[in-house]
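Letters A, B, ... mirror the listed sequences (proteins, then strands); counts begin at 1.
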Amino acid sequence: MGIAMKSKLLAIISFVVFGFSTQLMAHGGATGVVKERMEQMSDMKNALKILSDMFRGKSDYDVQQVRTQAKIINNHAGDALTQFFPEGSLTAPSEANGKIWQQWADFSALAVQLKSASGSLGEAAGQRAVAAPEVFLTMSMQAAPAKAVAPSADSYFKTLTKTCSACHTKYRNE
Amino acid sequence: MSDFNKQASSLKLIFGWRVGAFLKLLSLIVILIATLLYYLSMNPSMSHRSDSVIAIQPQGDVANGAYLARISGCIACHTDTKNPSGLVSGAPLKSSFGVFYAPNLSADKEWGIGNWSLADFSTAVREGVSPTGEHYYPAFPYEFFSNFSDQDIRDLWAAFQSVPANAKRAQSSEIDFPYNLKFSLPLWKRLYQLDNSVNTDQLQLQRGQFLVEVAGHCAACHTPRNILGALQQDQWLQGVIANEGGAPPITKEALLLNGWDSADLAYAFKTGIKPDGDVFGAKMQEIIEQGTQFMSEADRLAMADYLLEIE
């Protein structure tokens, strides 16, 4: 086998192996800020799982535990989140969308909203909603979930998860 | 949160594959030849709108109609968030065919559907044909709505009639050549004929089937389409690859592989939270926010059970 042939083969093999491993590992291959923010997001994911299990009634509701998990998210929100998004940091395998830097004010507002929602959840952890709020359906989208509900741990938890999704819908390619 | 421009990009998914200039030309040729063959082979009665009969009685139920309008996306697509009276024109729905604006569905006699009869409404929603006999583009997902029952249609009609007239002209859609050649639509529709009747006598599964296949039109995103835009029925709910506006497979096999159970699915349809603590983003979040979160708990479970039961 000639040298050229060998190096070609090597290139193919390393391509296949590398290509595969980035797919297999969770945030495999990520380095620098991309890796750091992925780890940060994963921390929040784990916290959200513990929280949602409690709010669903899959595990016992524990006020102290709600505070602890809300704090983890709170620590990763606001500037602590946006600092890991320097302009143009889109190296593979990042799922971030380039719109982040065109709409930076909106993106950072969502990070701030995450900070306040997780803060409120921690504070209101002891106040459960009396009953699930009823939704009243009309033929107008604007008036949709009409009924105002008194703030509770449940309502802040909803705001919190909506903030995660709102940001992902706009700025994470899935 | 409720930025209905988001729905606009949903359509990109429905028509979401990139059609380059070459493909456009190719599809034009295919459309022309196929249309010709179609007209040659056609049985004359097919060229006209079918005179579907729908009894006016029993009276439609406004509450159920409003529920259906919500979970089927009628309100989301036909609402302009900037206009507080709603239902007068959707946000632009961008697709590789051009830009669509869902029309005014208020009771206005000139710009809305105030002059329509129940039969007109039924033919539009279930057959995709307008009162003047024109075929609608499948950007209006009537291909799924064809399985609404007569009572569903009466309920929807009653609900739409409760929407105050709003004399606003919806913006006209800007459809690219060659897709603006409406004569090819009857052909398109024939390709689209769906057969999604599943034989089951279990009420729970029947309800789930109705919610997934008809009202929820889940296949619009989760089933791939061919070059003419027809759903590939042999790949039902098997997912669409990422660069074509991706959506993951939601077949029983795929969902079980991903560790979903019925309770987790129902919870995700309510909250957008996946079992591992990650949240839905992309188009699925819009579907949850504008549709499934408004379903009753029983309906969300029926959908989950259906998805996990049907092969």
Side-chain angles (χ1 to χ4, degrees), chain A residues 23 26 38 41-58 69 72-73 95-97 99 103 106 109-110 113-114 117 132-146 154-155 157-174, chain B residues 1-4 6-7 9 62-71 74-76 78-81 83-87 105-106 159-164 242 246-248 263-264 267-268 270-286 288-290 293-297:
Chain A
Q23 290 213 316
M38 282 181 167
M41 292 288 171
S42 291
D43 278 357
M44 295 204 287
K45 173 179 87 174
N46 296 335
L48 195 70
K49 177 178 173 41
I50 298 173
L51 288 169
S52 70
D53 282 351
M54 286 191 282
F55 281 99
R56 283 171 76 168
K58 224 181 168 182
Q69 301 306 324
I72 292 174
I73 295 176
E95 295 176 336
N97 187 309
K99 277 193 302 188
Q103 299 168 22
D106 181 58
L110 285 162
Q113 193 179 316
L114 188 65
E134 223 179 279
V135 236
F136 178 66
L137 294 185
T138 67
M139 287 297 284
S140 157
M141 207 68 204
Q142 281 77 23
D154 305 67
S155 69
F157 179 64
K158 194 167 179 192
T159 313
L160 172 74
T161 55
K162 285 203 162 192
T163 310
C164 312
S165 324
C167 192
H168 288 183
T169 299
K170 288 187 184 164
Y171 303 114
R172 176 182 173 196
N173 306 325
E174 279 171 291
Chain B
M1 287 298 303
S2 341
D3 173 4
F4 295 102
K6 283 191 262 154
Q7 186 78 23
S9 41
V62 177
N64 188 48
Y67 183 74
L68 287 177
R70 180 70 49 127
I71 68 171
C74 325
I75 298 180
H78 287 269
T79 295
D80 178 3
T81 26
N83 187 324
S85 33
L87 279 173
L105 293 187
S106 80
F160 276 98
Q161 283 193 305
S162 74
V163 178
D264 284 343
Y267 183 72
K270 178 181 178 191
T271 59
I273 306 174
K274 303 185 199 180
D276 69 351
D278 199 353
V279 291
F280 281 123
K283 305 301 159 243
M284 193 58 206
Q285 183 56 27
E286 299 166 26
I288 292 166
E289 225 159 82
Q290 301 175 347
Q293 71 151 321
F294 296 108
M295 285 181 178
S296 66
E297 193 59 32

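A distance of 9.5 Å separates OG1 of B:T271 from NZ of A:K158, quoted to the nearest 0.5 Å. With rounding to the nearest 0.5 Å, the separation of NZ in B:K274 from CG in A:L48 is 12.0 Å. How far CD of B:Q293 is from NZ of A:K162: 4.5 Å, rounded to the nearest 0.5 Å.
Residues B:D264 and A:R56 meet the side-chain proximity criterion, which asks for heavy atoms closer than 4.5 Å. A heavy-atom distance below 4.5 Å is not found between the side chains of B:I273 and A:F55.
Of the listed residues A:M41, A:K58, A:K49, A:R172, the one with more heavy-atom pairs under 4.5 angstrom with chain B than any other is A:K49.
For B:Y267, the part lying near chain A is the side chain, with the backbone staying farther off; criterion is any non-hydrogen pair under 4.5 Å. Of the two parts of B:P248, neither the backbone nor the side chain holds a non-hydrogen atom closer than 4.5 Å to a non-hydrogen atom of chain A.
Between A:H168 and B:D278 the shortest heavy-atom distance is CE1-OD1, 3.9 Å. The minimum heavy-atom distance linking A:K45 with B:D276 is given by the pair CG-O, 3.1 Å.
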